[in-house]
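Structure first, commentary second.
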Amino acid sequence: MLGGQRDAAAREDLHGFAVLDADFHAAVVDAGGNRLLSDFFASLSDRQRRMTARSLWKRADRLEGSSTTTPSSRG
């Protein structure tokens, strides 16, 4: 998943990055084993992706500085 986010960031694919970011966070929530929390998080998924993509679109430098990239991976 994180490799996909790095690839999306390198391609400046904001939508793809946002989808993978939401998938990553859903996996973290699901790993907690709390079905109520997982269901609640799933209901936020589409809105969260839109908010992430919009946030990154407004400031493209955020994509470069995201937690999935490191100074060494930026070239």
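Bear in mind the structure is a predicted one, so any value in this text is a computation, not a measurement.
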Item to complete: Give, for atom NE2 of His25 and atom CG of Asp30, the distance between the pair rounded to the nearest 0.5 Å.
Response: 12.5 Å

Fill in: Atom pair CZ/CZ of Phe40 and Arg35 - distance to nearest 0.5 Å
15.0 Å

Practice prompt. Indicate the atoms forming the closest heavy-atom contact of Ala8 with Gly16, along with that distance.
Written response: CB-C, 4.1 Å

Worksheet item: If you take all heavy atoms of Phe41 and Ala22, which pair is closest and at what distance?
Response: CE2-O, 3.9 Å

Response to the item:
Closest non-hydrogen contact found for Phe24 with Gln5 is CB-OE1, 4.2 Å

Item to complete: Measure the spacing between CG of Leu20 and CG of Asp13 and express it to the nearest 0.5 Å.
Response: 8.0 Å

Discussion item. Within this structure, what is the CG-CG distance for the pair Leu2 and Asp7, rounded to the nearest 0.5 Å?
Written reply: 11.0 Å

Discussion item. Under the side chain to side chain contact (heavy atoms under 4.5 Å, CB included) test against Val29, which residue among Leu44, Leu37, Asp39 passes?
Written reply: Leu37

